[in-house]
Enquirer: 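What follows is a structure written as structure tokens; I'll ask about it next.
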Amino acid sequence: MSEPAIAPDRLDDYILAVPGVDALYPAGPLLTTVVASVVSALIPSVAAPNPIVVVERAGGLSISASIGVGPDHAAPDVCRRVHDAIAEHFSRAGDPVIVEIAVTVARIG
Amino acid sequence: MWRSTPRSLAEEQSRLSGHTIEDLNDYLDRGRTPSDSSIDDSPACTVALTRLERLRAALRRVDSAAVDREAERTDGWVATIIDSIRLETRAGRRIPLTSDSPVARLALTEGAVIGVLRTAGDGIDGILISRCRLEGDVTEPGEPITVRLDVSVGTDGMNTGESVRDLTARLRAAVYAVLVQQTELTIAAVDITVTDLYLTTALPTSEGEADE
Amino acid sequence: MTTVTRLAVPSALDAASDALLADRAADGDVRAFEVLVRRHGPLMRVHATRILGSNDETDDVVQESFITAWRQLPTLENGAAVKSWLMRICGRKSIDRVRARRDHADITETDAAAPATLTPHHVAETQEQAEALARCLAELPDDQRRCWTLRELGEYSYTDIAEELDLPVSTVRGLLARARKTLLRELEDWR
């Protein structure tokens with residue numbers, strides 16, 4: 001399987017550009033069912049821990065992100081849009097097999 | 001380890017009618033109760049008690065001056081603390097959201113929902129939500145959920161002629177609206193308990209009305 | 001339902017009770033927590049500085065205390081007791097620092113210097129007296145000053161101080177008595 005070709009910090013920007021998203025949180029224990037090896041999400045030059053966790057599992061990639069939603073947006077819609085943005089990002093970055101995209105809204109408003 | 005030498009202790013006791021400074025300090029700590037006539041009737045003890053009380057008063061001034069100085073600091077120590085905890089959100093349970101995508105695993109945290117309900121309460125003058133609980137299995141789509149809110153009510157938020165019940169009805173409506181917009185939960189009820197009531201305007205100053 | 005009636009308050013959260021703020025912070029409200037930090041942080045800073053003997057590590061200790069508090073707030077049963085709970089956390093963190101320092105340096109009487117905050121002013125006599133007392137307090141031997149601040153600011157019982165500092169209660173009483181004598185003597189000089 002190919003590694004994601006685009007650096008995850010770009011993915012950060014991509015997610016933050018989704019209307020309604022105003023923060024990314026470090027993926028907490030609520031999300032991380034890290035069974036396999038952590039791929040390139042833990043990139044070099046880590047000033048802050050990367051909030052997006054990409055895990056390589058048997059069947060493909062599992063991606064987790066935890067977001068904050070700004071006021072005046074419906075969190076479920078924003079959450080679905082973030083899922084779509086992640087899916088689109090990876091399909092343009094070599095289209096690896098994805099088994100899971102987990103998006104959690106950790107804060108609203 | 002330090003102890004009074006027996007001689008100095010004996011001197012102190014003979015001077016203070018059989019008591020030590022420590023006894024007298026403990027007596028003050030107890031608020032001079034039960035009263036002890038062997039202390040109260042001794043002029044030497046009275047003088048010593050006065051000294052101890054002067055010391056306490058002076059040290060209270062020292063402490064409050066030190067606290068005031070710290071409170072005036074403008075070096076951003078509060079911001080540093082807040083920044084360091086801001087990313088530690090309280091997640092609670094995972095509340096799933098529906099999706100058409102077979103690979104999607106979407107959710108709200110319980111903490112996010114509680115937070116947005118709190119904000120809704122703050123949007124109503126006179127209401128402060130203190131505690132918020134989602135009762136029922138929020139991890140199971142479609143399960144009936146009861147929202148329990150403990151609130152503090154200030155009468156300044158009430159419109160003329162409005163009762164506490166009217167105000168909580170406004171809160172209930174606001175909470176329902178937020179739940180519909182922000183979650184996919186099935187709400188069975190929103191239970192509001194007023195745990196605290198603040199009066200706006202000072203109580204009438206006419207005599208005999210100030211019953212707390 | 002219990003209803004408590006109190007007098008009016010100007011701005012909602014700033015004037016809210018400790019109990020309400022603690023409940024909200026336990027539920028994850030950062031704003032409520034910030035009000036608690038502003039309300040009780042200054043006293044905690046004084047407490048930490050006195051136990052540590054200088055303000056070099058005060059920022060760190062108080063920050064650590066609040067981070068611990070944020071994490072443990074959901075376990076605090078009585079929100080109204082949040083002040084003394086915070087003071088306990090702060091006291092313990094400060095003592096831990098002192099212990100760590102001892103392990104490194106192997107000396108018991110460190111940092112005899114008076115805090116930098118105590119610059120002399122020529123003002124009213126009561127203030128001079130207060131400053132002289134403050135200096136006297138700051139210059140007490142470390143163990144006496146620690147017992148004193150745990151007792152007076154932390155509102156610990158003698159037994160609690162003994163447990164916290166791992167000393168016999170009799171020693172704690174002795175240290176407090178010595179500190180009191182020194183402070184009384186200082187006060188007498190202002191007669």
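The chains referred to below are lettered A, B, ... by the order of the sequence lines, with proteins before strands, and numbering in each begins at 1.
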Enquirer: Hey, are Arg97(C) and Glu64(C) close enough for a salt bridge, meaning a charged N less than 4.0 Å from a carboxylate O?
Expert: yes

Enquirer: Under a 4.5 Å heavy-atom cut-off, does chain C meet the side chain of Ile114(B), its backbone, both or neither?
Expert: side chain

Enquirer: Answer with side chain, backbone, both or neither: which region of Arg60(B) has an atom nearer than 4.5 Å to a non-hydrogen atom of chain C?
Expert: neither

Enquirer: Go through the atoms of Arg61(B) and report whether side chain, backbone, both or neither lie under 4.5 Å from a heavy atom of chain C.
Expert: side chain

Enquirer: For each of Ile85(B), Val62(B), Thr119(B), tally heavy-atom pairs with chain C at distances under 4.5 Å, and name the one with the top tally.
Expert: Ile85(B)

Enquirer: Side-chain contact, heavy-atom cut-off 4.5 Å: Asn78(C) with Trp85(C)?
Expert: no

Enquirer: For Asp36(B), which residues count as a side-chain contact (heavy atoms from CB on, under 4.5 Å) partner, sequence neighbours excluded?
Expert: His19(B), Tyr27(B), Ser38(B), Ile39(B)

Enquirer: Would you call Arg45(C) and Asp59(C) a salt bridge, using N to O less than 4.0 angstrom?
Expert: yes

Enquirer: Between Asn25(B), Ile129(B), Ile21(B), Thr89(B), which shows the greatest number of heavy-atom pairs under 4.5 Å with chain C?
Expert: Asn25(B)

Enquirer: Given heavy-atom pairs under 4.5 angstrom as the criterion, report whether the side chain, backbone, both or neither of Ala22(C) touches chain B.
Expert: neither

Enquirer: Using a 4.5 Å heavy-atom cutoff, which residues in residues 67-77 of chain C come close to chain B?
Expert: Ile67(C), Trp70(C), Arg71(C), Leu73(C), Pro74(C)

Enquirer: Can you tell me which of Ser152(B), Gly115(B), Gly111(B), Ser84(B) forms the most heavy-atom pairs within a distance under 4.5 Å of chain C?
Expert: Ser84(B)

Enquirer: Do Val62(C) and Ile81(B) have side-chain heavy atoms sitting under 4.5 Å apart?
Expert: yes

Enquirer: Between Arg39(C) and Asp18(C), does any NZ, NE, NH1 or NH2 come within less than 4.0 Å of an OD or OE carboxylate oxygen?
Expert: yes

Enquirer: Examine whether an atom of Ala26(C) lies under 4.5 Å from a heavy atom of chain B, and if so say whether it belongs to the side chain, the backbone or both; otherwise answer neither.
Expert: backbone

Enquirer: Can you name the salt bridge (charged side-chain N to carboxylate O under 4.0 Å, His left out) partners of Asp122(B), sequence neighbours left out?
Expert: Arg24(C), Arg31(C)

Enquirer: For chain B, find which of Val37(C), Leu183(C), Val30(C) contributes the most heavy-atom pairs closer than 4.5 angstrom.
Expert: Val37(C)

Enquirer: Side chain, backbone, both or neither: which part of Asp150(B) has a heavy atom under 4.5 Å from chain C?
Expert: neither

Enquirer: Go through it in stages, so that I can follow the logic: the residues are Val61(C) and Ser65(C), the test is side-chain contact (heavy atoms from CB on, under 4.5 Å), and I'd like the CA-CA distance, side-chain angles, deciding distance and then a yes or no.
Expert: CA-CA 6 Å; Val61(C) 164; Ser65(C) 301; 4.1 Å; yes

Enquirer: Is Leu153(C) in contact with chain B via its backbone, its side chain, both, or neither, using a 4.5 Å heavy-atom distance?
Expert: side chain

Enquirer: Between Glu72(B), Arg133(B), Arg56(B), which has the largest tally of heavy atom pairs under 4.5 Å with chain C?
Expert: Arg133(B)

Enquirer: Please state whether the side chain, the backbone, both or neither of Asp26(B) comes within less than 4.5 Å of a heavy atom of chain C.
Expert: side chain

Enquirer: Check whether any side-chain heavy atom of Ser54(C) lies under 4.5 Å from a side-chain heavy atom of Thr49(C), and answer yes or no.
Expert: no

Enquirer: Measure Ala65(B) against the heavy atoms of chain C and call it side chain, backbone, both or neither at under 4.5 Å.
Expert: neither

Enquirer: Side chains of Asp63(B) and Arg50(C), heavy atoms from C-beta outward: is any pair under 4.5 Å?
Expert: yes

Enquirer: If I measure from the heavy atoms of chain C, does Thr80(B) come under 4.5 Å with its side chain, its backbone, both, or neither?
Expert: both

Enquirer: For Glu34(C), is there an ion pair with Arg38(C) - N to carboxylate O distance below 4.0 angstrom?
Expert: yes

Enquirer: Looking at residues at least two apart in the chain, or sitting in another chain, which of them share a side-chain contact (heavy atoms from CB on, under 4.5 Å) with Val116(B)?
Expert: Ile108(A), Val178(B), Gln182(B)

Enquirer: Heavy atoms, side chains only, cut-off 4.5 Å: are Asp196(B) and Ser130(B) in contact?
Expert: no

Enquirer: Should Glu57(C) and Arg101(C) count as an ion pair when the cut-off is N to O under 4.0 Å?
Expert: yes

Enquirer: May I ask you to name which of Arg118(B), Arg131(B), Glu110(B) has the most heavy-atom pairs under 4.5 Å with chain C?
Expert: Arg118(B)

